[in-house]
2 protein chains.
Amino acid sequence: MERIQTLLRNHDIRPSYTRMAIYRYLDEHREHPTVEAIYDALSATLPTLSKTTIYNTLNLFVRHHLVKEIDLQDHKRYDIVRTPHAHFKCDVCDTLYDIDITPPIAPKHADISDVRDAQLVYHGTCKRCRQAV
Amino acid sequence: MERIQTLLRNHDIRPSYTRMAIYRYLDEHREHPTVEAIYDALSATLPTLSKTTIYNTLNLFVRHHLVKEIDLQDHKRYDIVRTPHAHFKCDVCDTLYDIDITPPIAPKHADISDVRDAQLVYHGTCKRCRQAV
DNA sequence: CCTGTAAAATGTAATGATTACAAAAATATA
DNA sequence: TATATTTTTGTAATCATTACATTTTACAGG
Ligand SMILES: [Mn+2]
Ligand SMILES: [Mn+2]
Ligand SMILES: [Zn+2]
Ligand SMILES: [Zn+2]
């Protein structure tokens, strides 16, 4: 918890209790939760928490490169920034799995000036859904 | 135009005039247009065209694997199915460029049963936006 | 050609995630 | 303590997409 406090400070974010709670939730739940999931989980201990605060806080974290936003067709998912990795999205149950490979470096390209990030997402059916015929 | 007709038929899609027009637009405009862009472009020659029809048609094409949906945070983009390739999204002007590399094969993974598709998107600033300081 | 039937296209209303905004609460500063 | 600043909250607005009912079009059989 001390760790999170200094981490936020190092990124020029004032470590309010709510912000630390949201960061800690993401740190302890690597399944790429939605705003809804974070809200449901944290409301229990922070009864006055509002979804607007979660949206604000997550956008703040994204701007300060503490968290990444994963764009899928439905809701946005959030992932703590750590070593680069890829994802697998099950199109049946919508689970988003981590895949431990590093996305390839972007090749040189006439139109591109600088590349800041890469996002690699696989799609298909996960093992659990495959078995549940 | 004959070509598109038989292509749709081969994918079990009845080649109505509207459907062929939408397919042709995607085939001739590889900049990954949005529904809005398609609507604006085709309304000129198809004055009664409705956005609902475009949505319906594109979803039909996606289900039949003629077109891919590209998930970005804002609007959905559509890309004709062709050889696998990656994309670069300029976070300043929102342009989506094609990058001619093949996304890597997904490695074996305990939770994954079968992988049907891969989507590789780079983010950054494009050359045009970089120069326009 | 008619005519009936299915498919396609349309217009409008509903949905729902995200954002805008202004007020209230909390926190820092003096 | 008083005051300024930041954070949080609640509600309303936005807007892309979908649902749904209706109209239009295409087509097969007579
Ligand atoms: Mn992840
Ligand atoms: Mn493309
Ligand atoms: Zn699954
Ligand atoms: Zn650009």
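A note on names: the letters A, B, ... follow the listed sequences, proteins ahead of strands, and every chain is numbered from 1.
Remark: P of C:dA8 and CG of B:Leu58 are 15 Å apart, rounded to the nearest angstrom. Atom P of nucleotide C:dA9 and atom CE of B:Met20 are separated by 10 Å, given to the nearest angstrom. Straight-line distance from the CG atom of A:Leu60 to the P atom of C:dT19: 13 Å, rounded to whole Å.
Classification of B:Asp12 and B:Arg9 as a salt-bridged pair fails, no side-chain N sitting under 4.0 Å from a carboxylate O.
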Margin query: One character per nucleotide, please: for nucleotides 5-24 of chain D, 5' to 3', B when the base has a protein heavy atom closer than 4.0 Å, S when only the sugar-phosphate does, - otherwise.
Written below: -SSSBBB----SBBB-----
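A donor-acceptor pair is defined here as one N or O able to donate and one able to accept, closer than 3.5 Å; no such pair exists between the side chain of A:Arg130 and the backbone of B:Asp114.
When each of A:Arg77, A:Lys89, A:Arg82 is checked for a salt bridge (charged side-chain N to carboxylate O under 4.0 Å, His left out) with A:Asp98, only A:Arg82 meets the rule.
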Note to self: Checking A:His109 against B:Asp100 for the side chain to side chain donor-acceptor pair (under 3.5 Å) test, could you report, in this order, the C-alpha distance in whole Å, the side-chain angles of both residues, the deciding distance, and whether it holds?
What the structure shows: CA-CA 9 Å; A:His109 186 282; B:Asp100 286 326; over 6 Å; no
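Between A:His87 and A:His85, the angle of the ring planes goes over 60°, which puts this pair in the perpendicular group of the 30/60° scheme.
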